[in-house]
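Structure, as structure tokens:
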Amino acid sequence: MSSQPELLNRRIVLGLSGGVACYKAADLLRELVRAGARVQVVMTEAATQFITPVTMQALSGEPVVVSQWDAREPNNMAHINLTRAADAILVAPASADFIAQIAQGRADELLALLCLARPLSRCALLLAPAMNREMWAHPATQRNVAQVQRDGAFVLGPAAGDQACGEIGDGRMLEAIELRDELVAFFQPKLLAGRSILITAGPTFEAIDPVRGITNHSSGKMGFALARAAAEAGARVTLVAGPVHLPTPRHVRRIDVTSARQMHDAVLPQAPRHDIFVATAAVADWRPASAGEEKLKKDGSGRPPAFELVENPDILATVARLPPEQRPWCVGFAAESHDLLRHAREKLQRKGIPLIVGNLGPATFGRDDNQLVLVDAHGEVELPVASKLTLARELVRVMAERYEARAA
Ligand code: CTP
């Protein structure tokens with residue numbers, strides 16, 4: 001299972017309409033090209049006031065088209081030629097005026113014209129709005145946005161924040177990397193559409209005193225990759241994360257916790273509201289019986305302090321024992337240092353779950369790649385070394401298949 005560039009051979013028309021956010025389009029173009037996409041840039045006249053076609057041509061390696069009367073096209077039909085082989089048109093920035101044109105099916109300029117002339121069933125239209133917050137909130141814009149969505153376009157963002165005009169509010173175009181990720185997600189099969197998934201991720205931290213604690217090397221990367229892959233597949237995702245410094249994947253609801261007991265208390269009320277539960281967290285097995293309120297001090301004797309450990313609740317086993325009407329379909333992870341298969345199989349039994357994913361903890365903690373073995377009652381399947389995101393997408397495919405088979 002190789003980890004290919006995420007947009008390899010995707011043919012994208014990147015459209016720019018007029019707006020200050022055109023300054024982000026150059027970065028976006030670089031991200032798309034880096035991700036393997038073949039990008040044709042089309043700009044409106046207004047967009048050329050904000051960024052030059054020279055820049056966009058240099059970055060895409062293709063002449064930029066601005067006018068529908070561009071005589072370089074042999075048949076002079078740029079609006080047809082440009083979309084017939086395209087997988088998607090991404091308009092970023094999409095101005096209020098541009099969205100209004102699309103809502104009305106107008107074809108004042110080449111970019112709007114080619115959106116209208118695109119093959120609806122094969123070439124998706126994605127719009128990244130960018131405008132002042134008052135323009136975004138205006139009923140006319142909201143009406144137009146609702147209309148273009150009804151007509152099948154996808155609206156990405158906008159984000160809230162500082163605006164070029166000095167105001168603060170909704171209307172900022174998403175950042176280049178966010179738009180790239182939205183496009184990548186768009187092309188993923190929607191295997192979990194209509195489903196909900198609850199995921200635990202990362203280590204837990206068990207306090208000894210206010211400044212020290214017991215934790216482990218889990219980075220949370222596998223669980224976060226899984227949350228992203230599940231969201232890309234169309235699921236509603238809740239991620240209960242231990243103490244990690246990873247960005248929240250887009251469209252994922254995140255609940256931050258520190259200790260195993262907090263993770264347990266966050267998961268339990270959520271579990272019956274989700275179809276699938278995946279426990280990727282490396283939950284600390286034990287915690288100090290009582291955490292001191294003050295920092296433990298050396299007493300001069302040379303002897304370290306003694307403290308008792310007590311066992312933490314097993315979150316996965318607790319969820320797996322919920323009554324059937326409250327119980328999500330459960331998947332566990334087994335992080336082992338040795339005898340992976342034997343331990344994974346033993347955990348499958350002990351926790352009473354249908355599927356467990358084994359990995360070698362010390363070999364994967366903190367890394368961006370991993371190697372998995374899926375173990376169920378019938379046997380095991382190995383997923384060879386790949387990026388955690390690639391493995392997460394494969395795992396989503398397997399889980400979707402098995403979940404549906406179970407529900408049938
Ligand atoms: N798990 C959990 N709550 C715990 C301990 C583990 O939910 N208190 C979950 C993990 O998220 C994982 C699975 O149980 O999905 C197995 O975790 P692991 O740490 O590999 O195994 P343990 O059950 O802790 O057993 P051992 O420490 O003996 O290996």
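Please read these numbers as outputs of a predicted model, since none were measured by experiment. We count ligands from 1, going down the list as the structure has it; atoms in each ligand are counted the same way.
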(request) Answer yes when R402 and D376 have at least one side-chain N-carboxylate O distance shorter than 4.0 Å, and no when they do not. (result) yes
(message) Looking only at the aromatic ring of each residue, does the gap between the centers of Y23 and F50 stay below 6.0 angstrom?
(response) no
(request) Show the protein residues that qualify under the rule heavy atom under 4.0 Å from an atom of ligand 1, listing them in chain and number order. (result) A279, A281, V283, D285, P313, D314, I315, L316, G332, F333, A334, A335, K347, R350, K351
(request) Verify, without hydrogens or angle tests, whether T141 (side chain) and M135 (backbone) share a donor-acceptor contact under 3.5 angstrom. (result) yes
(message) Among residues at least two apart in sequence or on other chains, which ones pass side-chain hydrogen bond (donor to acceptor under 3.5 Å, both in side chains) with R350?
(response) E346
(message) One thing to verify: whether D256 and R254 come together as a salt bridge, which I'm taking to mean a side-chain N less than 4.0 angstrom from a carboxylate O.
(response) yes
(message) With a 4.0 Å cut-off on N to O distance, would you call E175 and R172 a salt bridge?
(response) yes
